[in-house]
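Chain A is the first sequence line, chain B the second, and so forth, proteins listed ahead of strands; every chain is numbered from 1. For clarity, every value in this text was computed on a predicted model and none was experimentally measured. Computation of the quantities below employed the complete heavy-atom set of this structure, encompassing side-chain atoms and omitting hydrogens, waters and symmetry-equivalent molecules.
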Amino acid sequence: MDALISPLLNGSAQGALLLLAALGLSLTFGQMGVINMAHGEFLMIGAFTAYLVQQVIGSSDLSIPVALPVAFVVAGLFGLLLEVSIIRWMYHRPLDTLLVTVGVGLILQQAALQIFPSQGVPVEKPGWLNGQVTVFGYDWPLRQVFTILLATVCVAALSVWLKSTAFGRRIRATVQNRDLAEVTGISTRTVDRLTFFVGSGLAGIAGVAASLIGGTNSQMGTQYIIPAFLVVAAGGIGQLKGTVVAAWAVGVVLSYFAYWTTGSLAQVLAFILVIVFLQLRPQGLFTVRTRSLV
Amino acid sequence: MSTTSKRLRTLVATGAFATTVALVLAGCGARVGDDTGGGKSSARSCVDTSGSTVKLGFLNSLTGGMAISEKTVSNVLHMAADEINAAGGILGKKIQYVQEDGATDWPTFAEKTEKLLTQDCVGAIFGGWTSSSRKAVKPVVEKHNGLFFYPVQYEGLEASPNIYYTGATTNQQIIPAMDFLASKGVKKLFLAGSDYVFPRTANAIIKLYAAKLGIEIVGEEYVPLDKDDWTTQVAKIKAAKPDFIFNTINGSSNVGFIKAYYDAGLTAATTPIISVSIAEEEAPAMGHEVTGHYASWNYFQSLKTDTNQKFIDSWKAYPKSSGVTSDPMEAAYISLYLYKALVEAAGSFDVDAVNAAAKKNTITFAAPEGTVTLDGENHHISKPGNIGRINASNQFDIVWSSGTFIKPDPFLKGYDWFPANIRDQLVKAAG
């Protein structure tokens, strides 16, 4: 029983972290078409924010809930800065954006290495996340439950924001037909900036979650960026529900493979599956139907 | 929209392909450089000691992933050079060091070695951390008959006339750790490691020795070096109920392992961990207190020797200090002093003269871990095996010691449980 249940639960938590890392990308890449390779470094900024908030507040019980909104704003502002200073000049040059943001990522990594101790910094788990809940005989760590809840809240908030607010409608209008949106009086520049702010801010939240799972150091972003892009592509670009399903599936498949084989082999097998899937269904799980000709 | 996204995906693929091509070309470039460098004069003839200084090269990753560990080694080398210069230098010549950045990239290590030997004409090079970086440097120092001093514990099974190893080989770290576990009456052991040559080789040795000691290996798990998530593997460890976990994980992945371990409700009281890469610098960076777990090293900051207190005080006073001392730092500190002792015994900076002086087996250095002796045949040094238990201030209380200094045996030829065919296999696999 343990062999069946524990990878399912562990994998769901792994998928939830992947989802948090991919959510922001599904906005900036999926909605705006910007390949932001510095997204992993925004995640790193979120994790270092969690550390700094912990240094100020002291108690980890309180600092993690406080760090979540703070990390959102800090990473969001970094994203906004990137959009205003660089990305807005290259909306129609995706390959250039890719190369430039790789460079920005490296600069941010080196900056973190200069500012913080090179071994990385410790972020402590809040006391209320100590312990496990028993599910079908498996002691499921509360920390994993927390990651899943956090991802659920973020997805729900993002989907309400996109579907039911005036601003969300403006984003969707801009994505579907930029010229027509401008004709109706929407400031597409404002839409771009705010979308980028929110997308990067979500990476900050993912960073807080990641700081509770692994090390907080200058390199941490690099391990999330490629899987996050794959998840967004596999889910269907511009599709929130696709990202959710793909992240969960990758997490669970990874965990089962890791349980049956080894951690290294699991990485290889799971991503071979994603690549094969994209070969068979290049548009991803779900697609947006538009009347646009491009 | 879907056409646009398809184009984007093609572009992503193109970008990834372009990066790969660039990397491959960079690798080829290094090799081409090697070939043309062969025509130049060898390092020996170009080292200039006619003035009042001698040039030495420090080669550490100051950028990229390994900067996390190698920056400290670079700093401690600078401190040792300052100390030696203040005391009159080597053979009366002040050290003038050339610091190079290996950038966590193995072809870069080879290129910079070439540059240091043929353009800067340094007397010796100090640095490296990963086995991959050492293996990149090895053919280059051998071709130019240069000297390379490597300061980190590693998987052994190597000896080169052009490399001196001041960190532990397996019989000075892994085997003492197993002896300690046997003395604790451990019956069931779980092996957790990062997926690269050191943990794989160490675990191959551990499994052979465990069979001899009557310790059952109840599981073996590897996670790639750049992945932090250990949750699934820890679930397997918990299900296997070992008495002890032997941890050969390296770098930041250790933080993920420790976090997943405590998330799952495991504790030092029931399932302690013995590590070979968590030292004084890493212990406070885990994001969870790690009191009660063990580590196997040769040097600990808590060691009581005459020279250790002086070493700790100098390091704490050093401007770029991290505040605590650790085994790899101490081994780097030894490496520069060992070079000084070798050159002074040889009376010359000449590589062949230095190697000839080493052959006499009389080179010693009063290191912070105790007085170490250089083995002139395999270029490793004798070391004490020590096991420390982490206390509340993230320092190590010494709980077990090998007593005597252990002679280096990188090929484990003195251990009857280590069959020759497995040695050949591992040497071949390690390249």
Leading residue by heavy atom contact count with chain A [cutoff under 4.5 Å; candidates Val234(B), Val223(B), Thr231(B)]: Thr231(B)
Residue part contacting chain B, namely of Thr261(A), when any heavy atom lies under 4.5 Å: backbone
Winner by heavy-atom pair count (cut-off under 4.5 Å) against chain B, out of Ala210(A), Pro7(A), Ala266(A), Gly263(A): Gly263(A)
Interchain contact, Ile258(B) with chain A, by part (heavy-atom threshold 4.5 Å): neither
Test item: side-chain donor near acceptor, Ser252(B) and Asn217(A), under 3.5 Å: yes
Nearest-0.5 Å distance that lies between atom NZ in Lys227(B) and atom OH in Tyr224(A): 8.5 Å
Residue pair Asp263(B) / Lys125(A), side-chain heavy-atom distance below 4.5 Å: yes
Ala258(A) backbone acceptor or donor facing Lys236(B) side chain under 3.5 Å: yes
Within 6.0 Å of NZ in Lys316(B), more than 12 heavy atoms from elsewhere: no
Arg200(B) CZ to Ser264(A) OG distance, which is reported to the nearest 0.5 Å: 6.0 Å
Smallest separation among heavy atoms of Ala285(B) and Gly120(A), with atom names: CB-O, 4.0 Å
Contact winner vs chain A - Gly256(B), Gly287(B), Ser322(B), heavy-atom pairs under 4.5 Å: Gly287(B)
Heavy-atom check, side chain of Ile213(A) versus side chain of Asp229(B), under 4.5 Å: yes
Interchain contact, Thr216(A) with chain B, by part (heavy-atom threshold 4.5 Å): neither
Selection from Val255(B), Leu62(B), Asp228(B) maximising heavy-atom pairs under 4.5 Å formed with chain A: Asp228(B)
Side chains of Gln110(A) and Thr63(B) in contact at under 4.5 Å (non-hydrogen atoms): yes
Heavy-atom pair count under 4.5 Å with chain B, highest-scoring of Leu17(A), Val123(A), Leu265(A), Leu129(A): Val123(A)
Contacting region of Gln233(B) [heavy-atom separation from chain A under 4.5 Å]: side chain
Other residues, nucleotides, ligands: >12 heavy atoms within 6.0 Å of Gln279(A) CD: no
Greatest number of heavy atom pairs closer than 4.5 Å to chain B - which of Glu124(A), Gln109(A), Arg143(A): Arg143(A)
Lys238(B) side, atom NZ; Asp139(A) side, atom CG - distance, nearest 0.5 Å: 4.0 Å
Per-residue contact mode, Gln144(A) against chain B (heavy atom under 4.5 angstrom): side chain
Separation between CD of Gln219(A) and CE of Met66(B), rounded to the nearest 0.5 Å: 10.0 Å
Side-chain donor or acceptor of Lys259(B) paired with backbone N/O of Ser211(A) under 3.5 Å: yes
Full working for side-chain contact (heavy atoms from CB on, under 4.5 Å) between Thr232(B) and Gln14(A): CA-CA 9 Å; Thr232(B) 305; Gln14(A) 247 171 303; 3.4 Å; yes
